[in-house]
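Structure, as structure tokens:
A, B, ... follow the sequence lines: proteins, then strands. Residue 1 opens every chain. The figures that follow rest on heavy atoms only: side chains count, while hydrogens, waters and symmetry mates do not.
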Amino acid sequence: MVIIVQTVVDTFAGPVSVLIDEGRAVKISLGQVFEDVPTALVEPFYGIVKSYFEGRTKIIDFPVKIEGTEFLNKVWQEVRKIPYGSVRTYGQVAKIVGTSPRAVGLAMRLNPLPLYIPCHRVIAKSGLGGFGPGLEWKRFLLELEGVLL
DNA sequence: TCATAATACCGGA
DNA sequence: TCCGGTATTATGA
């Protein structure tokens, strides 16, 4: 029996839902609440996310379960090293992991855990680049971290 | 500015 | 396998 619940945090930008499977975050959704999953307030996920959106927590760290290809894991691991409040371009990340900017964009789109893997800190060389949940979220998050564009 | 190619990878058929 | 589709970028007119 696998237990899956979601914990929903109301933020200034909208609802943030963390999908939790056996004590580990498996998916985070910005602006969307899952209809078919029971909701519960689960710590530490709830507290950390809430604290992050209040600007008090700068490092998001809790148990997660990520599955991806070797390539995806490599990119995600690298993106996770980008500090709070700073950004990299798709090209810069690509250079580090030895791939192409386009492939980095793909890896970002496939990222199941935004916030934990701070894909909003990866932007295009000229401009914001894209963002699955909606560009507003990317702007919200960057503004929250004090990044001005 | 605008079109176009190069590029590395994913996912469906 | 092959092929279309990317949250890109560099280049040329």
Side-chain angles (χ1 to χ4, degrees), chain A residues 2-22 24-37 39 45-46 48-149:
Chain A
V2 181
I3 301 173
I4 296 188
V5 297
Q6 66 179 330
T7 196
V8 180
V9 182
D10 279 314
T11 77
F12 65 92
V16 172
S17 170
V18 183
L19 210 57
I20 300 153
D21 178 12
E22 295 177 323
R24 297 193 290 178
V26 293
K27 189 172 182 178
I28 296 178
S29 132
L30 271 26
Q32 189 197 9
V33 176
F34 300 96
E35 297 291 340
D36 49 347
V37 180
T39 299
F45 308 98
Y46 181 88
I48 289 177
V49 171
K50 185 165 187 55
S51 177
Y52 169 78
F53 275 91
E54 288 170 350
R56 293 187 287 107
T57 293
K58 297 195 185 331
I59 296 177
I60 293 194
D61 196 16
F62 42 57
V64 299
K65 182 169 68 177
I66 307 181
E67 11 196 295
T69 64
E70 187 181 345
F71 167 78
L72 290 177
N73 287 318
K74 203 157 97 176
V75 177
W76 292 339
Q77 185 180 349
E78 199 56 42
V79 169
R80 211 168 128 63
K81 294 180 187 168
I82 305 174
Y84 186 97
S86 63
V87 294
R88 302 280 184 277
T89 66
Y90 295 99
Q92 286 172 340
V93 176
K95 194 160 189 179
I96 296 173
V97 304
T99 184
S100 79
R102 204 83 200 264
V104 172
L106 181 61
M108 292 303 94
R109 185 168 63 82
L110 266 25
N111 166 24
L113 297 168
L115 302 187
Y116 180 85
I117 298 167
C119 51
H120 58 279
R121 297 182 191 139
V122 184
I123 63 179
K125 188 176 185 189
S126 47
L128 257 192
F131 204 65
L135 263 186
E136 326 83 70
W137 280 97
K138 196 166 187 173
R139 274 191 286 267
F140 287 147
L141 297 175
L142 288 175
E143 189 181 351
L144 171 67
E145 299 191 2
V147 178
L148 28 145
L149 305 171

Can you name the atoms? Protein N/O to nucleotides 2-9 of chain B N/O, anything below 3.5 Å, with the distance.
{"unit_1": "B:dA8", "atom_1": "O4'", "unit_2": "A:Ser100", "atom_2": "OG", "d": "3.1"}
{"unit_1": "B:dA8", "atom_1": "O3'", "unit_2": "A:Thr99", "atom_2": "OG1", "d": "3.2"}

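- Under a 4.0 Å N-O distance rule, the pair A:Arg139/A:Glu136 does not qualify as a salt bridge.
- Using N1 to N3 plus N6-O4 or O6-N4 for Watson-Crick, or N1-O2 and O6-N3 for G-U wobble, each under 3.5 Å, B:dT7 pairs with nothing.
- Following rounding to the nearest Å, A:Trp76 (CH2) and C:dA7 (C1') show an atom-to-atom distance of 14 Å.
- Remark: A:Arg102 fails to qualify as a cation-pi partner of A:Tyr90 under the 6.0 Å distance and 45° angle criteria applied to the six-membered ring.
- Between A:Arg88 atom CZ and C:dT8 atom C1' the separation is 18 Å, expressed in whole Å.
- The distance from the CD atom of A:Gln6 to the CD atom of A:Glu35 is 8.5 Å, given to the nearest 0.5 Å.
- Going from atom NZ of A:Lys74 over to atom OG1 of A:Thr99 covers 8.5 Å, rounded to the nearest 0.5 Å.
- For A:Leu110, taking side-chain heavy atoms from C-beta onward, the closest of the listed nucleotides C:dA7, C:dT9, B:dC10 is B:dC10.
- In terms of modelled atom types and a separation under 3.5 Å, the side chain of A:Lys138 and the main chain of A:Val122 share a donor-acceptor contact.
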Are there any protein N/O atoms within less than 3.5 Å of an N/O atom in nucleotides 10-12 of chain C, and if so, which ones and at what distance?
{"unit_1": "C:dA10", "atom_1": "OP1", "unit_2": "A:Lys125", "atom_2": "NZ", "d": "3.4"}
{"unit_1": "C:dA10", "atom_1": "OP2", "unit_2": "A:Lys125", "atom_2": "NZ", "d": "3.3"}

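- Interatomic distance, OH of A:Tyr52 versus OH of A:Tyr84, reported as 5.5 Å (0.5 Å rounding).
- C:dA7 is unpaired under the criterion used here, namely a Watson-Crick or G-U wobble arrangement in which both key atom distances are under 3.5 Å.
- Among the protein residues, A:Gly91 comes within range of the sugar-phosphate backbone only, with heavy atoms under 4.0 Å from sugar or phosphate atoms but none that close to a base.
- Using a cut-off of 4.0 Å between Lys/Arg side-chain N and Asp/Glu carboxylate O, A:Glu145 and A:Arg121 are scored as salt-bridged.
- Counting only heavy atoms from C-beta outward, the side chains of A:Phe12 and A:Phe140 approach each other to under 4.5 Å.
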Give me the distances for all protein-to-nucleotides 1-3 of chain C N/O pairs that come in under 3.5 Å?
none

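- Going from atom CD1 of A:Ile48 over to atom CZ of A:Arg56 covers 11.5 Å, rounded to the nearest 0.5 Å.
- Rounded to whole Å, the distance from CZ on A:Arg109 to P on B:dC10 is 11 Å.
- Separating the CG atom of A:Asn73 from the P atom of B:dC10 is a distance of 10 Å, rounded to the nearest angstrom.
- For the pair A:Trp137/A:His120, no side-chain contact is recorded, criterion being any heavy-atom separation below 4.5 Å from C-beta on.
- Screening A:Ile66, A:Val97, A:Leu113 against A:Trp76 for a side chain to side chain contact (heavy atoms under 4.5 Å, CB included) leaves a single residue, A:Ile66.
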